[in-house]
Structures are given as structure tokens and as C-alpha cells.
Amino acid sequence: MASQEHEQGLTGLILSGGGARAAYQVGVLAAIADLLPNAVHNPFPVIVGTSAGAINAVGLACGAVHFSEAIRRLTTVWQGFHTDQVYRSDWQGVSLQALRFVGNSVLGIGRAEPVALLDNRPLRQLLARELDFSGIAAAVRMRRLRAVAVTAFGYESAQAVTFYQGRAAIDPWFRHRRVGVPTRLNLEHLLASAAIPLVFPPVKVNREYFGDGALRQAAPISPALHLGASRVLVIGVSGNTRQTGPAPRQQTGQPPSLAQIGGHMLNSTFIDNLETDLELLERINHMSAQLPLASPPRGLGMRPVDVLTIAPSKPLDEIAARHIAELPKALRLFLRGPGATRRGGGGVLSYLLFEPGYCNELIELGYQDAMAQQDELRTFLKL
């Protein structure tokens, strides 16, 4: 069964993490839906997501029996996003959460319950209202989906755990600090995968607390390959995948603000591992292409994987900086001290700015970037 599917060439979709940046992914998916000759057909039998990308991945998988309808629902949610749908941003909510965080982290008050800088209970309510997890089983049963997976990081085991739901023929995997576990996905898996360290509280799944799946995720592309994909479309949230290095910035000689440091830490968590994994995969593809035909690459663990990457053509932190005024006043005040509302603080904002103006601009950018690569997409998806 698995070998037949490899021969047919299963396409995997990889949606990386990135908080509000994940709105970009929805724009790319909307463009793909418009390019499909059959809008009902799901072109991605394997769907893998991490953090906010996990939410998009599961949203797509829940509606995989009708691809364009699933994309429409995702787009509607992202277009109408407001910060208070993700975390409390009112004066009382921000103040109480800040006090709880200081009391828990500094004074040791209430250590039995995990606490973070922001209260993301509104996100739980939103996901419970918008997602029908029974759609995953239906899509698998109708063979519109082979598997969907989300990755979370276990704070005690120090492992990246990929929770996946799909066909029974898929075996679990065990690698150094990363494992694949079959399960029926639910709300806890999503919230765990999207629990940005310190920003959102960790979530207990079974007997362990989990945090954002991008944390120490050394091989973001690997789960899709374990689930049977032989080619992958990667929708990133950083423009660096299109460059040989980061774009040069004007040096000011000023000490970095806490927001600048936090922005680089978030980039390191959500972006660097994916870009490194893409580079490694390109090298493996190059080496496997140099092997004699008599030496089967699969036997050496070097099966070539076709990869197409779509990533932002414009810096998302600069886009976020233009939309600072959309943030609720309480949150602007809360972020002013660390420097997130000043020059150079757009990196943090680009992850936390769940507001219509910013999200819609990212959706439009994703749509245009995908359409700019429509020839490559048509070839890759064999349309």
C-alpha cells in the first residue's frame, strides 16, 4: 500500500508556525483553490502544521472533503480576526494576566497552574466554535486525506512530538528527540502546538505539558515524509527562503530593545529550523542525483524529495509596523515598554497583531505571491 502511494507521488503540504503571520498561508491556499480545475478536490493528501500553521492545517483537514469550501472558511476567519479573539487585550485582562505572571514566575504563587504573559482562553473558544474534528475521519474514510499532523514540544521529555491522524497503515516513528504518535486530534493538540513559550501557557496532553511545536523542531519537513509524502509544498512566513542571506539593515549603534531581542528569538523558533531543513534537503537531493542508477537512493535513506517553497516577497515586520494603531490601547501600553511599538519592534508585532488590516494585507500578499508562481504551482501539482 505504502509503496504504491510512493510510486504515485503523494503531495504533502507544510504550514510553518508564526502567530499572526500565518494569515499569509491562507492567501497562498486561496490562490491554489482558484487554480484547481476541480475546486472540490484536495490536492494535499498529507497536511502537516506547526503552531499557527497547525491551526490552518487542521482547519483544512476538517474540510478536506471540499477543498475550496475549507479555504473559504479559513479565509473568513482570518479576515475577521481581532486580537481579543486570540487573547485578552482589554485593560482588565492584560493587567490581571501581568499580575498573575509576576506572582507565578517571581513570587511562586499558584505554581500548580501554568501561567504566561497573555491569556489565550479566547482562542480556545474560537477554535471550539469553528472546527469540526469529525471532518478529519470523514476525509480519511473517503480517501480525500491520507493524514494530518501537528507538532508540539514536550517540556519534560524534551521531544518534538508529532501527533497525527490518518490511515491505519501509517506506522509511528522514533528518531532522536522527535517521534510520531497516532491519535485522534482534538483541541488540546492544537492549543499545545500553538503555545508560544512564555507568551501563551503550556497545555497538558495526556500526562505531559506541551508547548509550541516549533521549539527545538530540528526537522520540520520530516513528518510529511514519514506520513508518505514524496514531494512537499512549503508555505513559509519569512522571505529569507528566497534570499542567500538576510537583507542588510542600516546600523544605528543603539542597544537592542527587549522587543528586538524577542523578535529575533521568535524568528529563531519559527523560521531558522525550517530554512536549515530546506537547505539540507536540497543538498540531499543534489547528492542523490549524483548517485549511479545502480545504487538505489532509497536504500541509503536518500530518496529525493521534490520541494516547492512559497514565502513572503515583502518583510512582514515592516507590514506589521504600519498597523500598530490597530492594536487595542491596553496592549499598546503593555508593549510600549519593551519597545514593540517603536522602530525595530515590528518583529514581535508581526506575530501578535491579529487584526483585520494586518491579516488582510498578509492574505492578499500570499495570494499575489502564489499567483506570481502559478506556473511552478501548476507543474508541481500536475494541474
Side-chain angles (χ1 to χ4, degrees), residues 15-23 25-26 47-63 73-74 77-78 81-89 93 97 100-101 104 110 112-136 148-165 179-217 220 223 237 266 269-270 351-354 359:
L15 301 175
S16 61
R21 288 176 173 227
Q25 299 169 350
V26 177
I47 304 174
V48 176
T50 302
S51 193
I55 295 174
N56 285 339
V58 170
L60 180 54
C62 287
R73 287 181 62 88
L74 272 176
V77 171
W78 278 96
F81 248 140
H82 288 278
T83 301
D84 59 11
Q85 294 176 301
V86 181
Y87 51 88
R88 289 196 62 177
S89 55
Q97 192 65 17
R100 288 185 65 205
F101 182 79
N104 180 279
E113 291 294 327
V115 178
L117 286 169
L118 298 174
D119 179 357
N120 67 338
R121 281 179 292 181
L123 178 61
R124 175 183 289 273
Q125 297 167 1
L126 174 70
L127 295 179
R129 184 173 64 249
E130 295 291 339
L131 296 177
D132 179 6
F133 286 89
S134 66
I136 297 176
V148 57
V150 303
T151 300
F153 176 76
Y155 281 108
E156 289 189 70
S157 63
Q159 289 183 322
V161 180
T162 298
F163 298 100
Y164 67 89
Q165 181 175 346
V179 299
V181 178
T183 189
R184 287 186 69 89
L185 294 176
N186 59 40
L187 197 54
E188 305 307 313
H189 297 107
L190 282 192
L191 291 170
S193 182
I196 302 173
L198 298 180
V199 178
F200 296 143
V203 177
K204 195 172 187 178
V205 178
N206 299 325
R207 292 178 295 178
E208 184 176 10
Y209 278 98
F210 287 85
D212 200 292
L215 193 65
R216 297 185 69 179
Q217 187 183 29
V237 292
L266 289 171
T269 299
F270 290 112
Y351 291 94
L352 299 178
L353 192 53
F354 292 91
C359 290

Quiz item: What pair of heavy atoms forms the shortest contact from Val150 to Ala54, and how long is it?
Solution: CG1-CB, 3.6 Å
Quiz item: Can you name the residues that form a side chain to side chain contact (heavy atoms under 4.5 Å, CB included) with Arg88, not counting sequence neighbours?
Solution: Asp90, Gln92, Asp119, Pro122
Quiz prompt | Contacts of Phe81 that satisfy ring pair (Phe, Tyr, Trp, His ring centres under 6.0 Å) - sequence neighbours left out | solution = Trp78, Phe354
Quiz prompt | Contacts of type side-chain hydrogen bond (donor to acceptor under 3.5 Å, both in side chains), residue Asn120, not counting sequence neighbours | solution = none
Exercise. Could you grab the distance from atom CD1 of Ile47 to atom CD of Gln165, nearest 0.5 Å is fine?
Key: 12.0 Å
Quiz item: OG of Ser16 to CZ of Arg21: how many Å apart, nearest 0.5 Å?
Solution: 9.5 Å
Self-check item: Partners meeting side-chain hydrogen bond (donor to acceptor under 3.5 Å, both in side chains) with Asn206 (sequence neighbours left out)
Solution: none
Exercise. Answer whether the closest heavy-atom distance between the side chains of Tyr164 and Pro182 falls below 4.5 Å.
Key: yes
Practice problem: Could I get the full list of side-chain hydrogen bond (donor to acceptor under 3.5 Å, both in side chains) partners for Gln125, not counting sequence neighbours? | Solution: none
Please list, one pair per line, the donor and acceptor atoms closer than 3.5 Å that link side chains of residues 189-201 to other protein atoms, with sequence neighbours excluded.
{"residue": "His189", "atom": "ND1", "partner": "Asn186", "partner atom": "N", "Å": "3.1"}
{"residue": "His189", "atom": "ND1", "partner": "Asn186", "partner atom": "OD1", "Å": "3.1"}
{"residue": "Ser193", "atom": "OG", "partner": "Ser51", "partner atom": "N", "Å": "2.8"}
{"residue": "Ser193", "atom": "OG", "partner": "Thr151", "partner atom": "O", "Å": "2.7"}

Quiz item: Quick one: side-chain hydrogen bond (donor to acceptor under 3.5 Å, both in side chains) partners of Glu208, sequence neighbours excluded?
Solution: Ser157
Self-check item: Any donor-acceptor pair under 3.5 Å from Asn56 side chain to Ala22 backbone
Solution: yes
Self-check item: Check: Tyr87 side chain, Leu117 main-chain N or O, donor-acceptor pair, under 3.5 Å
Solution: no
Practice problem: Would you mind listing every salt bridge (charged side-chain N to carboxylate O under 4.0 Å, His left out) that reaches into residues 190-204, with sequence neighbours excluded? | Solution: none
Exercise. Could you name each residue pair satisfying salt bridge (charged side-chain N to carboxylate O under 4.0 Å, His left out) that touches residues 183-202, not counting sequence neighbours?
Key: Arg124-Glu188
